[in-house]
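Everything on this sheet refers to the single structure shown next.
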Amino acid sequence: MTAYARMVRPGLADCLLWGAAALFILIPLASFLIFGFFSVVSNSIDYRPTLANFDELLSNSSYRTTFFRTMRMAFLVSATNLVLGYATAYFIWQRPPAWRNLMVIALAIPLLMSYIIKIYAMRGVLGTNGLLNSATMALGIIDEPVSALLFNLTAVRITLSVVLLPFMVLPIYVALERIPASVLHAASDLGASEIQIFARVVLPLSLPGGIVGAMFTFVLASGDFLAPELVGGIEGFTYGRLIFSQFGLAFNWPLGAALSIVLMIVALGVIYAARRFGNPRWQR
Amino acid sequence: MANPETGSPAAADVGLPLLRIRGLGARFGTVEAIKPLDLDVNDGEFLTILGPSGSGKTTLLRTIAGFQPPSAGRIEFDGKDIADLPINRRPFNTVFQDYALFPHMTVRENVGFGLRVRGTAKAQLNDRVDAALGIVGLEEFDARYPSQLSGGQQQRTALARAMICEPRLILLDEPLAALDAALRRQMQNFLKTLQRQSGITFLFVTHDQSEAITMSDRICVMRSGSIEQIGTPRELYYRPKSRFVAAFFGASNIVEPCRIHETRDDATIVETPVGQFRISGPPPDSSSGLALAIRPEALGPEDETRVNTLELEVVAVSFVGSETITELRHRRTSQVFTMKTRSDPAARPPDIGSILNIGFDPAECALVTEAAN
């Protein structure tokens, strides 16, 4: 390689990378979001810029209700999964090393499966003739199948919790794995009990992983439309379904784009907050 | 004064050792990392466990600390068996090789950790942390996180953290291994002074024999999971019992086989392939694989103190600054010797192939056996 080529290469590589990012991510995104500033006039799109869509979002309470119900649902899924995910990650971390890897792989396998199949599987679990009802009936816990487990917001929450759990467990597990054994030994050596070690050393060192997991979960849950569509019924109408319906039934792309812009702002806000709090001062 | 028989300082005669280890063993699966061994650590001494990697020295320390369960034996501290005590109940603290500082705590929080988990009142805790930070010279760094400290500062934080609960014994696992040479020497002096002034017993692990010599009251040399020899630095340096210890402390000229020709009151006469020599002191108890170990710096031109003599041919001469290293060969047996002499600006180096009359002092060599035990 000549000296000239060495000098030029990094610049060229940078241009290509930024170019690719712009071409494949930013331009399509922008060209879609810009629809949020157009409007629909008698079934065709009017390309004159307007803020009418945002005005509609703010003034129509049904959009707001759906938005807040969805945010609340996503927050509850994140909170539930933070507890479940932390317990799962901690359990895996406590196993012998050979077990740990197997368990992490088992946890990651569902991520490679089709999303729709996973949701249908959950429908099979939650339905009146589903696994949950059959099992609890067989155990004599309930006498009649419970139908309240499907086609409502609870069903959406349960389904999203199950399907999104790996996104919580993996970052927490990675954070736990990163804690050197000597640090735990040092805590014990200095007289800390198991509970003190957990509260003062393990938890603070692994919580950043939990914050990253909560961010993933919240962003994915708040924008999801497939799970609510398939297990939510009428009760489980969410913001994701609202957006989806603008592109399908309602054929109102500009309103759909405007709804998406709002969701994206929320997601970026959550990601920013997670970066701030998930990356404490001692790590920088 | 040290007792020449056992190498124990006088403190040992006063009472029980602070730490008394009997038949302690440790294994990883089928591998015996420590073969059952005995060790006494006296109150107030600086005892170094020295050995190459894989000798079991770190495992021994970790077993004492409680990080590694023993497979056999007793660990008595101040007369009480502590082998079954959980780590957090053991009455001593550890300084780790990687320092093991809590990354999410400041220097102040790290140092105060041992007091905080004991529920020490805040005012008292702050005073004691200030005192500990003063001792290690880190007063101005108390608000920093470990990632913002240099290696030496991290080391001193770890030391202050281990000392805060005023243990009578501190275990140190190669604490200087990660420091550069200059800082290392500085920390050696600091540690030694700190140990002497505080009176805390130090059980120190290292693979560096010069570090062990400069810092320790006594050294325990380990090899393949067993104790090879325990003694003062001088004893190990001048009176190694085995080839391994001799080689570890730099007595690299090994002459073998040796046969004891005569035993006198103050000396032993041995017969070797390169001649008959007089060695100060009695012969070793065992005679299996008996050999003569001579330090490179003990060799020199024959004179009135270097009464053991040899005729050796010069093979190579290398000038390494303050010292000159000469490779020599015994013609008949082809035995090779290394001689280290002080460089003399006036002297002309000997010609390659020339024959020199080399001698060594009976007190500066040792009869060693295959293994010490």
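Keep in mind that the numbers below use all heavy atoms, side chains included, and drop hydrogens, waters and symmetry copies. Throughout, protein chains are lettered first and strands after them, A, B, ... in sequence-line order, and every chain is numbered starting at 1.
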Mark yes when over 12 heavy atoms from residues, nucleotides or ligands other than [X] sit less than 6.0 Å from its [atom1]; otherwise mark no.
X: Arg178(A); atom1: CZ; answer: no
X: Glu140(B); atom1: CD; answer: no
X: Phe190(B); atom1: CZ; answer: yes

(message) Among Ser193(A), Ala187(A), Pro204(A), which residue has the highest count of heavy-atom pairs closer than 4.5 Å to chain B?
(response) Ala187(A)
(request) Would you mind telling me which of Leu184(A), Asp189(A), Val183(A) has the largest number of heavy-atom pairs within less than 4.5 Å of chain B? (result) Asp189(A)
(message) Parallel, tilted or perpendicular: which one describes the rings of His104(B) and Phe102(B), with boundaries at 30° and 60°?
(response) perpendicular
(message) Does the plane of the ring in His185(A) sit parallel, tilted or perpendicular to the ring in Phe96(B)? Use 30° and 60° as the thresholds.
(response) parallel
Measuring heavy-atom distances to chain A, does [X] have an atom under 4.5 Å in its side chain, in its backbone, in both, or in neither?
X: Phe67(B); value: both
X: Tyr99(B); value: neither
X: Arg144(B); value: neither
X: Ile164(B); value: neither
X: Asn93(B); value: both

(request) Could you go through the side-chain hydrogen bond (donor to acceptor under 3.5 Å, both in side chains) check for Asn81(A) and Ser161(A) one step at a time? (result) CA-CA 6 Å; Asn81(A) 278 16; Ser161(A) 270; 3.1 Å; yes
(message) For a 4.5 angstrom cut-off between non-hydrogen side-chain atoms, does Thr201(B) reach Val41(B)?
(response) yes
(request) Could you have a look at Gly114(B), Gly66(B), Pro86(B), Pro103(B) and say which one has the most heavy-atom pairs with chain A under 4.5 angstrom? (result) Pro103(B)
(request) Report the option among Arg90(B), Glu109(B), Arg116(B) that has the most heavy-atom pairs separated by less than 4.5 Å from atoms of chain A. (result) Arg116(B)
(request) Check whether Ala181(A) gets within reach of chain B through its side chain, its backbone, both or neither, counting any heavy atom under 4.5 Å. (result) neither
